[in-house]
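Here the structure is a predicted model, which is why all the values come from computation and not from measurement.
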Amino acid sequence: MAAQDMNTYDFLINDEDEVMLLLYVHDGEPHESSIELDLDNKSAVLHRTPTDEVYLDGIPDDVLDSMQESDKLLVCELSIEKNDKDTKIVYAYEADITD
């Protein structure tokens, strides 16, 4: 898989206005996770662990609005498979939202 594909991510918002972040799995198990919002730049930094960060940019306004109203973000890290049907959730966890 190309490095640019590894940096692919998406946000989903459910009917209760809760946001979920989907991204490809990174090395190491996440712990003490948080996400720091930068509303002015429509970006964020996901702190998977105290030493592992994932930069997210171009976040849509509706996603930022929903995250501002919440204390936690659900994060799902997905396996990388040749066939999308074989993709599985490797890690699912909550990240504290800060701004």
Side-chain angles (χ1 to χ4, degrees):
M1 173 158 290
Q4 66 188 29
D5 293 336
M6 281 292 300
N7 295 326
T8 300
Y9 55 88
D10 199 6
F11 290 95
L12 300 175
I13 302 175
N14 67 15
D15 292 337
E16 286 79 36
D17 203 34
E18 299 167 325
V19 179
M20 180 184 347
L21 170 61
L22 302 170
L23 69 158
Y24 287 115
V25 67
H26 287 248
D27 290 334
E29 187 170 348
H31 67 280
E32 299 178 26
S33 300
S34 65
I35 186 163
E36 184 179 348
L37 304 179
D38 182 344
L39 301 174
D40 294 333
N41 292 312
K42 297 183 181 185
S43 63
V45 178
L46 172 64
H47 302 276
R48 294 183 67 252
T49 70
T51 59
D52 183 15
E53 298 177 339
V54 178
Y55 296 92
L56 310 167
D57 60 356
I59 301 173
D61 289 333
D62 61 334
V63 171
L64 288 171
D65 290 344
S66 295
M67 282 196 288
Q68 279 186 282
E69 301 297 320
S70 183
D71 296 332
K72 304 255 185 214
L73 171 70
L74 178 60
V75 180
C76 292
E77 295 189 23
L78 307 172
S79 63
I80 302 167
E81 308 294 342
K82 287 185 180 182
N83 185 342
D84 287 342
K85 291 185 210 177
D86 296 331
T87 299
K88 294 179 176 60
I89 297 173
V90 178
Y91 298 115
Y93 54 96
E94 288 185 334
D96 294 326
I97 297 174
T98 63
D99 54 16

Note to self: A side-chain contact here means heavy atoms from C-beta on lying under 4.5 Å apart; do I97 and D71 qualify?
What the structure shows: no
Next item on the list: Any pair with a residue in residues 83-93 that passes side chain to side chain donor-acceptor pair (under 3.5 Å), sequence neighbours left out, goes on the list, sorted by first then second residue, please.
Entry: E77-Y93
Next item on the list: Treating Ile, Leu, Val, Met, Phe, Trp and Tyr as nodes and any side-chain heavy-atom pair under 4.5 angstrom as an edge, say whether L64 and V75 lie in one connected cluster.
Entry: yes
Next item on the list: Search all heavy atoms of Y24 against all heavy atoms of H26 and return the closest pair with its distance.
Entry: O-CD2, 3.0 Å
Check: Is it true that F11 and V25 fall in one hydrophobic cluster, defined by side-chain heavy atoms closer than 4.5 Å?
Finding: yes
Note to self: Less than 4.5 Å apart, side chain to side chain, heavy atoms only: is that true for L21 and L56?
What the structure shows: yes
Next item on the list: To the nearest 0.5 angstrom, please state how far the OG atom of S34 sits from the CZ atom of R48.
Entry: 12.0 Å
Checklist line | Any side-chain heavy-atom pair of S70 and E18 under 4.5 Å | finding: no
Check: What distance do E69 atom CD and D17 atom CG have between them, rounded to the nearest 0.5 Å?
Finding: 7.5 Å
Check: For the atom pair CD (E36) and OG (S43), what is the distance rounded to the nearest 0.5 Å?
Finding: 9.0 Å
Margin query: So L78 and I89, do their side chains get closer than 4.5 Å, heavy atoms only?
Written below: yes
Margin query: As an exercise, state the distance from CE of M67 to CD1 of I35, rounded to the nearest 0.5 Å.
Written below: 5.0 Å
Note to self: Is there a side-chain contact between Y9 and L46 in this structure, where contact means two heavy atoms from C-beta onward sitting under 4.5 Å apart?
What the structure shows: no
Check: OG of S66 to CG of N14: how many Å apart, nearest 0.5 Å?
Finding: 9.0 Å
Check: Yes or no on side chain to side chain contact (heavy atoms under 4.5 Å, CB included) for L73 and E94, after CA distance, side-chain angles and deciding distance?
Finding: CA-CA 5 Å; L73 171 70; E94 288 185 334; over 6 Å; no
Next item on the list: Answer yes when K42 and D57 have at least one side-chain N-carboxylate O distance shorter than 4.0 Å, and no when they do not.
Entry: no
Next item on the list: Please round to the nearest 0.5 Å and tell me the distance separating atom OG1 of T98 and atom CG of L37.
Entry: 6.5 Å
